[in-house]
There are 2 protein chains.
Amino acid sequence: MTSSTTSSTINGTTKTWQAIQAEVRKRINARLWKPGALIPHEADLALEFGCARATVNRALRGLAEEGLLTRQRRAGTRVALNPVRHARFEIPVIRSEIEGRGQSFGFAILKRETLVPPPDVRARLKTGAKVALLHLETLYTADGAPHVFEDRWINLAAVPSIDEETFVTISPNEWLVREVPFDGGDFTFSALAATSKQAALLACELGQGLLVLDRSTHNAQAVVTSVRLIFHAGYRMHTQI
Amino acid sequence: MTSSTTSSTINGTTKTWQAIQAEVRKRINARLWKPGALIPHEADLALEFGCARATVNRALRGLAEEGLLTRQRRAGTRVALNPVRHARFEIPVIRSEIEGRGQSFGFAILKRETLVPPPDVRARLKTGAKVALLHLETLYTADGAPHVFEDRWINLAAVPSIDEETFVTISPNEWLVREVPFDGGDFTFSALAATSKQAALLACELGQGLLVLDRSTHNAQAVVTSVRLIFHAGYRMHTQI
DNA sequence: GAGTGGTCTAGACCACGTT
DNA sequence: ACGTGGTCTAGACCACTCT
């Protein structure tokens, strides 16, 4: 038997950090280490598992990042009281999402203008009262059917070269992902009932519930873009942990 | 000046893994290393930065987990073509969320019954056609105002001791988090327009858009619980990356 | 076959918060 | 003050995969 997978337990003596992590998980689930309780030091565990302390550290760090453990310098490591689970969902790159389902992707620029935005948009982008921004309205389609309506404002100061882009072959979404590096962003999920305009755009009935994702992305200097995505009726955004 | 923070650059010679990570980020953002391009080996970088290879590894591993880099054994490390950003948002523990805003938390069990569920719920929980489950309907309130309506099914086989719980002092949500360890789950965001029943429960107008979160959690053995949360009108779920 | 990332070790020093 | 996690090192071997 040449069974030597990456995570292995050798005669009960744990070696890899994955195996140690699994063992710790087991003890937590079995309530051997109860929520809120202190678990042994890294040094003790290293001794028990017959490995280096760094290996134990690697295992426990992962569990702490998951939220299963709470670690503090002098205080030691505790089992988290409420396992604060972090869901990690991928930010949908619209084209990949559609083509990944085997559908054909399309988009149409409905509006393109440069003007001083309304106050709420100014607040989100943190721009002055007289600064004009690029405003784009785009409809993305899957197999020709409306998929999502995008209402986007772009900070021209942060993305000067966008003036030369016509968005004939590449969508605003992809162009920005490709051309503008960003450090972070805010995401907000909400819901609304379709107005007549939205119902017409997204080919749904008046008043249907629509999922909305507001998102603004920024880099070190400024807020680059703020966008509202209104998805077609029945759209579900799915993720796992 | 005693400026010795955790992430520091010493005379241009980078030492900590955080500093190395920041430097690599800078080079990617500055397009010094372009998307899709191969970056130097760990060994080379270690030499350049004057540190051990393990330190470089630590820095690059983090960036790979973020999705900014793609690493393969023999092939080397590349800058990711489409920075597949994944947002990491905390699963809201309802009580913490409400109390964290300084509001008072409350809940009321509206329905409690044990019966064989409809087919769609059976499918989600992967239970047989004759297996009875616990069904709970709960309304959570913030400062007395409706916050979220919870429609939950619980697999009694996975959580036997729940029959003795009256949910007078602890909500179903918290009880499950506390008593049942779980390994993973599915999350689905969607939206609906309030029915008259929902409008009455959540004190909103008929037809308002409501955010919906469907979630099922499982452990190694079985699906433990499946729940639909319907949030009050105007609710926004926010996260950052 | 050979090169690259993945991991482990044994030891060391440091940062930080509890005591 | 002191104990615990956080990190770094220098070296080693392994796993994977591209050529």
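The analysis underlying the following values was restricted to heavy atoms, covering all of them including side chains, and did not include hydrogens, waters or symmetry mates. Residue numbers begin at 1 in each chain, while the letters A, B, ... track the order of the sequences.
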Original post:
How is B/Ala54 classified with respect to the nucleic acid when contacts are heavy atoms under 4.0 Å: base, sugar-phosphate, or nothing?
Top reply: base
Between CZ of B/Phe49 and C1' of D/dT9 the distance, given in whole Å, is 17 Å
Fill in: Residues A/Glu66 and A/Arg71 bridged, charged N to O under 4.0 Å
no
Open item on the list: Below the 4.0 Å mark, does D/dG6 have OP1 or OP2 next to a side-chain nitrogen or oxygen of A/Arg71?
Closed with: yes
Separation of D/dG6 atom C1' from A/Glu65 atom CD, nearest Å, is 13 Å
From CZ of B/Arg74 across to P of C/dG6 the rounded distance in Å is 15 Å
Quick note, B/Ala52 side chain, CB onward, closest among D/dC8, C/dC8, D/dT9 is D/dT9
Over all strands shown, is B/Arg61 touching base, sugar-phosphate only, or nothing at heavy-atom distances under 4.0 angstrom?
nothing
Between B/His147 and B/Phe107, does the ring centre distance come in under 6.0 Å? no
Taking for A/Trp17 and for A/Gln72 the nucleotide of DNA chain C with the nearest heavy atom, the one nearer the 5' end belongs to A/Trp17
Rounded to whole Å, the CD-P distance (A/Glu42 to C/dA12) equals 17 Å
Original post:
For C/dG5, does OP1 or OP2 lie under 4.0 Å from any side-chain N or O of B/Asn57?
Top reply: no
Practice prompt. Check step by step if side-chain hydrogen bond (donor to acceptor under 3.5 Å, both in side chains) holds for A/Arg78 and A/Thr70.
Written response: CA-CA 5 Å; A/Arg78 294 177 177 281; A/Thr70 310; over 6 Å; no
note: B/Arg53, atom CZ; C/dT7, atom C1'; distance rounded to Å ~ 9 Å
A/Arg73 CZ to C/dC13 P, in whole Å, measures 17 Å
A/Thr55 side chain N/O closer than 4.0 Å to the phosphate oxygens (OP1, OP2) of C/dT7?
no
